[in-house]
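Convention: sequence-line order gives letters A, B, ...; per-chain numbering from 1.
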Number of protein chains: 2
Amino acid sequence: MEFSSKLIEKAVNEISQLPGIGKRTALRLALHLLKQPKDQTVFLSQALLSMREDIQYCESCHNISDQAVCEICSNSNRNHQLICVVEDIRDVMAIENTGQFRGIYHVLGGKISPIDGVGPSQLNITSLVNKVKEGLVSEIIFALSSTMEGDTTNFFIYKQIADCDIIVSTIARGISVGDELEYADEVTLGRSILHRVPFEKSLKNN
Amino acid sequence: MEFSSKLIEKAVNEISQLPGIGKRTALRLALHLLKQPKDQTVFLSQALLSMREDIQYCESCHNISDQAVCEICSNSNRNHQLICVVEDIRDVMAIENTGQFRGIYHVLGGKISPIDGVGPSQLNITSLVNKVKEGLVSEIIFALSSTMEGDTTNFFIYKQIADCDIIVSTIARGISVGDELEYADEVTLGRSILHRVPFEKSLKNN
């Protein structure tokens, strides 16, 4: 791509470094900003900069937060003995939206993935293991995605806390609510039969 | 969506104002920036700001440029009597890529579209008409997209220059090179038969 202006070329190059955005989309976004009032670009730039510079991570659960300890961890109404292990802030938001979880979280910041160069030392695993060893936890729920990387991460953490006297569970895998059985893959369907729940219990959860 | 941080909420709100980017994608982009070195966000913000503040438009063709007159308009090797009328900078780039056009451009900055609230006065039409009336032009090629808005814009301009002694043409519509005939829509196929070209001429153009 040849640009008639170095300024627009630079902007397109920077925008297209974002994941899922190619040069053509970047050019479309740049031209959109040029057509909008100058304020929009100013606000966007400022919001990005202040987010990157001033963001904090909760000391306890490593979730993104505006204070040293996040709102969930500082809420005394929640069960601090019950920890849900998740990959990132999006998973925290998704689980909070269900309204079904009253414990606290532990955000790993990723999954162990040698292909992407992510090892255990880059994740917030040590602080989780320490919490467990200090006897502050009664149950851990693994809520990582059901991929090879997720399973590896689960197993890596499990090995380090296996000798502690706590319950270790993982979120249930099964057919999504509203899904047709015939379109489900066999692994999911198999697990949903293997881990079937008493019918009366399933009624109460609704 | 409830965010655990006002900073990230603000960034997501600003990013999601860009066209085609919803809140979820915006959050993904924000989290990506947080994982990358701080420099990337700084460079992105600076590039956007300096593009928006310092960008210039060519005095002659209204293309985006770093100088008062763009490189194409200041190139004396190009035919300044032949003007190709396009919607925006992306069309200039696309036509320049073909290497088939040695005239200059006139960038309208959009199409007449009452639904989107774009009237003729918001487009660079007057300066084009003036150029024609001053006798600086021998041929105008309309290269707007083949939509109702494009056709309306073509016709609006044509009416104002119809009494001038110049050639007014429009780019050929027809079957794309490499396309199967059976999948072409009937309007396109009909036009390609109506505006057929002598076979020997088509050989020379390859």
Side-chain angles (χ1 to χ4, degrees), chain A residues 1-15 17-21 24-25 27-36 38-58 63-67 70-72 88-90 92-93 96-97 109-110, chain B residues 1-15 17-21 24-25 27-36 38-58 63-67 70-72 88-90 92-93 96-97 109-110:
Chain A
M1 262 190 186
E2 278 203 24
F3 295 91
S4 56
S5 151
K6 289 274 166 225
L7 289 167
I8 209 159
E9 183 172 4
K10 216 170 147 189
V12 167
N13 283 341
E14 290 294 335
I15 300 173
Q17 294 202 10
L18 294 170
I21 297 188
R24 269 169 196 270
T25 310
L27 179 58
R28 194 165 54 88
L29 297 179
L31 291 179
H32 172 82
L33 285 176
L34 285 176
K35 276 192 187 173
Q36 300 298 311
K38 206 176 269 188
D39 274 359
Q40 187 174 339
T41 311
V42 175
F43 290 154
L44 173 63
S45 310
Q46 282 172 350
L48 290 179
L49 262 187
S50 67
M51 173 193 76
R52 191 63 185 86
E53 304 222 323
D54 303 333
I55 206 93
Q56 292 184 60
Y57 294 91
C58 171
N63 192 7
I64 287 168
S65 166
D66 287 342
Q67 300 108 37
C70 77
E71 278 182 29
I72 296 175
D88 69 18
I89 172 184
R90 281 175 291 182
V92 174
M93 290 166 69
E96 281 297 284
N97 272 343
Chain B
M1 262 192 186
E2 280 204 22
F3 294 91
S4 55
S5 152
K6 289 273 166 227
L7 289 167
I8 209 160
E9 183 172 2
K10 215 170 148 189
V12 166
N13 283 341
E14 289 295 335
I15 299 173
Q17 293 201 12
L18 294 171
I21 296 188
R24 270 170 196 270
T25 310
L27 178 59
R28 195 165 55 86
L29 297 180
L31 291 178
H32 172 84
L33 285 177
L34 284 176
K35 278 192 188 173
Q36 299 299 311
K38 204 175 271 185
D39 275 359
Q40 187 174 339
T41 312
V42 175
F43 290 154
L44 172 63
S45 311
Q46 283 172 350
L48 291 179
L49 264 186
S50 66
M51 173 193 77
R52 189 63 185 86
E53 306 222 321
D54 303 333
I55 206 94
Q56 292 185 58
Y57 294 90
C58 172
N63 192 9
I64 287 168
S65 166
D66 288 341
Q67 300 108 37
C70 76
E71 277 182 30
I72 295 174
D88 69 18
I89 172 183
R90 281 175 291 182
V92 174
M93 289 166 70
E96 281 297 285
N97 271 341

Which atoms of [X] are under 4.5 Å from chain A, going by heavy atoms: the side chain, the backbone, both sets, or neither?
{"X": "B/Leu27", "value": "side chain"}
{"X": "B/Gln17", "value": "both"}
{"X": "B/Ile21", "value": "side chain"}
{"X": "B/Leu31", "value": "side chain"}
{"X": "B/Asp54", "value": "both"}

Can you find a heavy atom in the side chain of [X] that is under 4.5 Å from one in the side chain of [Y]?
{"X": "B/Asp66", "Y": "A/Ile8", "answer": "no"}
{"X": "A/His32", "Y": "A/Gln40", "answer": "yes"}
{"X": "A/Ser4", "Y": "B/Val92", "answer": "no"}
{"X": "B/Thr25", "Y": "B/Arg28", "answer": "yes"}

If you count heavy-atom pairs under 4.5 Å between each of [options] and chain B, which one has the most?
{"options": "A/Leu49, A/Asp88, A/Leu18", "value": "A/Leu49"}
{"options": "A/Ala47, A/Ser45, A/Ala30", "value": "A/Ser45"}
{"options": "A/Pro19, A/Gly20, A/Cys70", "value": "A/Pro19"}

Check: B/Ser50 side chain, B/Gln46 main-chain N or O, donor-acceptor pair, under 3.5 Å: yes

Largest heavy-atom contact set with chain A, pairs under 4.5 Å, which of [options]:
{"options": "B/Val42, B/Leu48, B/Ile89, B/Leu34", "value": "B/Leu34"}
{"options": "B/Thr41, B/Val12, B/Ile15", "value": "B/Thr41"}
{"options": "B/Arg52, B/Lys10, B/Met51, B/Glu14", "value": "B/Arg52"}

Crowding at CD, A/Glu71 (>12 non-hydrogen neighbours, <6.0 Å):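 12 or below, so no.
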
Neighbour count above 12 (heavy atom, 6.0 Å) for A/Arg90 CZ: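 Enclosed.
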
Working for side chain to side chain contact (heavy atoms under 4.5 Å, CB included), residues A/Ile64 and A/Tyr57: CA-CA 5 Å; A/Ile64 287 168; A/Tyr57 294 91; 3.5 Å; yes

